[in-house]
Amino acid sequence: MGRSLGIRWAEQGHEVFFGSRTAEKGKSVAEFAGQGCRGGTNDEAVEFAEILLHTARGIMPSQILSSTNALSGKIIIDCNNREIPNNFEYGPLVDLSLAEQLAADVPKAYVVKAFNTMAQEVYEHSPETLREYQVSTLICGDHAEANKTVVSLAQEIGFSPVDCGPLRSARLLEALADLTRLLIGGMKLGPYLTLSVDTLPKVESQRLGGRQPSELK
């Protein structure tokens, strides 16, 4: 996911640095990506970037960085989901999403959940194709300006971003990813399955009786 999104953003003219636990791996990915991308350690990536994509599933920054101080004031995009259990037999949802756990680990950074509801293969398509099919990526976070930045990054590479509110909504986004992965793998619909969030025009005549009164808002 990091390589795919990194290449796409490099194609849009962004400076991209691929970080890894070893400098050799980071440099190898950068060499594969080309387009002036750089690579090195995770610590070097944090020093280089203002916006970071966190792809280490279930591993917090404090576990892979020598210090998290350099993350203060930076945007961290979290695209991770929980492990897929055998036969897609998911248990109850956890109290905190992976994104919320990440935010707790680096409280001075701005964590934004995004790009977690589709398979890597989707990114192989051009921005033009993604726009044609109106492929949605769902985004949530507690910092308005950080959210706007990620929305812009998503639009640049062809996605139709959908604002899902505060970071606690990541619980729902990660649950939705469980469903999409069930459809992709368990139901054999394949990795090019995507979501498109749209709104139908308002119907003026409620010939079916309309919505019934409810205490729910």
Side-chain angles (χ1 to χ4, degrees), residues 1-9 29 52-61 63-64 75-105 111-142 146-147 150-151 153-200 214 216-217:
M1 298 293 280
R3 180 181 62 221
S4 299
L5 282 166
I7 291 174
R8 282 302 186 194
W9 283 320
V29 175
L52 298 107
L53 179 68
H54 182 69
T55 61
R57 186 205 308 266
I59 300 175
M60 297 297 108
Q63 296 174 272
I64 54 178
I75 297 171
I76 305 177
I77 303 171
D78 176 45
C79 65
N80 293 290
N81 297 304
R82 57 179 174 169
E83 296 280 356
I84 298 176
N86 291 335
N87 299 319
F88 294 89
E89 294 177 355
Y90 289 103
L93 294 178
V94 294
D95 291 334
L96 290 178
S97 64
L98 292 172
E100 290 171 293
Q101 294 174 48
L102 174 60
D105 191 64
V111 174
V112 179
K113 191 77 182 184
F115 306 110
N116 73 304
T117 55
M118 64 200 78
Q120 178 275 333
E121 287 83 353
V122 171
Y123 301 111
E124 300 287 353
H125 279 293
S126 68
E128 291 74 23
T129 298
L130 297 179
R131 292 188 185 101
E132 178 185 353
Y133 283 83
Q134 298 182 341
V135 178
S136 299
T137 184
L138 311 181
I139 293 174
C140 66
D142 291 335
N147 290 1
V150 178
V151 163
L153 288 171
Q155 290 172 330
E156 284 185 25
I157 56 177
F159 289 103
S160 300
V162 178
D163 184 355
C164 296
L167 193 63
R168 65 171 294 149
S169 298
R171 305 173 193 182
L172 302 177
L173 270 58
E174 292 177 13
L176 179 58
D178 291 343
L179 173 60
T180 58
R181 292 184 298 170
L182 169 64
L183 296 175
I184 289 170
M187 307 307 294
K188 310 300 182 184
L189 296 184
Y192 295 103
L193 178 144
T194 60
L195 302 174
S196 297
V197 178
D198 206 345
T199 302
L200 293 171
S214 170
L216 297 178
K217 302 298 183 182

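Computed from a prediction, not measured in an experiment: that's the story for all the values here.
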### Message
Could you check whether any side-chain N or O of S169 sits under 3.5 Å from a backbone N or O of P166, counting only pairs where one atom can act as donor and the other as acceptor?
### Response
yes
Could you pull out every donor-acceptor pair under 3.5 Å between side chains of residues 87-94 and any protein atom, sequence neighbours left out?
none

Interatomic spacing from [atom1] in [X] to [atom2] in [Y] - rounded to 0.5 Å:
X: R181; Y: L176; atom1: CZ; atom2: CG; value: 10.5 Å
X: L167; Y: D142; atom1: CG; atom2: CG; value: 5.0 Å
X: T55; Y: M1; atom1: OG1; atom2: CE; value: 9.0 Å
X: C164; Y: L172; atom1: SG; atom2: CG; value: 8.5 Å
X: C140; Y: N147; atom1: SG; atom2: CG; value: 7.5 Å

### Query
Of all residues at least two apart in sequence or in a different chain, which pass the side-chain hydrogen bond (donor to acceptor under 3.5 Å, both in side chains) check with Q63?
none
### Pairing residues for S126 by the side-chain hydrogen bond (donor to acceptor under 3.5 Å, both in side chains) criterion, not counting sequence neighbours
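Listed in chain order: E128, T129.
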### Message
Quick check: closest heavy atoms across A114 and V150, and the distance to 0.1 Å?
### Response
CB-CG1, 4.0 Å
### Summary
Of all heavy-atom pairs linking G2 and L53, the shortest is CA-CD2, 3.7 Å
### Query
So V112 and I139, side-chain contact (heavy atoms from CB on, under 4.5 Å) or not? Walk me through it.
CA-CA 7 Å; V112 179; I139 293 174; 3.6 Å; yes
### Query
Do the two ring centres, one from Y123 and one from W9, sit under 6.0 Å apart?
no
#### Entry: side-chain hydrogen bond (donor to acceptor under 3.5 Å, both in side chains): pairs with one or both residues in residues 130-139, sequence neighbours excluded
none
### Message
Once side-chain hydrogen bond (donor to acceptor under 3.5 Å, both in side chains) is applied, what residue pairs with a partner in residues 183-197 remain, sequence neighbours excluded?
### Response
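Every candidate side-chain hydrogen bond (donor to acceptor under 3.5 Å, both in side chains) pair involving residues 183-197 fails, so no pair, neighbours aside, qualifies.
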### Message
If the condition is side chain to side chain contact (heavy atoms under 4.5 Å, CB included), which residues does L183 pass it with, not counting sequence neighbours?
### Response
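Applying side chain to side chain contact (heavy atoms under 4.5 Å, CB included) to L183 gives L179, M187, L189, L193.
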#### Entry: Residues in side chain to side chain contact (heavy atoms under 4.5 Å, CB included) contact with D163, at least two apart in sequence or another chain
none
### Message
With side-chain contact (heavy atoms from CB on, under 4.5 Å) as the criterion, how do M118 and T180 come out once you've worked through the C-alpha distance, each side chain's angles and the decisive distance to 0.1 Å?
### Response
CA-CA 7 Å; M118 64 200 78; T180 58; over 6 Å; no
Please set out all donor-acceptor pairs under 3.5 angstrom arising from side-chain atoms of residues 77-84, sequence neighbours excluded.
residue, atom, partner, partner atom, Å
D78, OD1, N80, N, 3.4
D78, OD1, N80, ND2, 2.8
D78, OD2, A99, N, 3.4
D78, OD2, K113, NZ, 2.7
N80, OD1, R57, N, 3.4
N80, ND2, H54, O, 2.9
N81, OD1, N116, ND2, 2.8
N81, ND2, N116, O, 2.8
R82, NE, D178, OD2, 2.8
R82, NH2, D178, OD2, 2.8
E83, OE2, R57, NE, 3.4

Tabulate below the donor-acceptor pairs under 3.5 Å that side-chain atoms of residues 154-161 make, not counting sequence neighbours, or state none.
residue, atom, partner, partner atom, Å
E156, OE1, H14, NE2, 2.7
E156, OE2, H14, NE2, 3.3

### Query
Does R171 have any salt bridge (charged side-chain N to carboxylate O under 4.0 Å, His left out) partners at least two apart in sequence or in another chain, and if so, which?
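R171: salt bridge (charged side-chain N to carboxylate O under 4.0 Å, His left out) contacts with E100.
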### Task
State, with a plain yes or no, whether a side-chain heavy atom of L52 is found less than 4.5 Å away from one of I75.
no
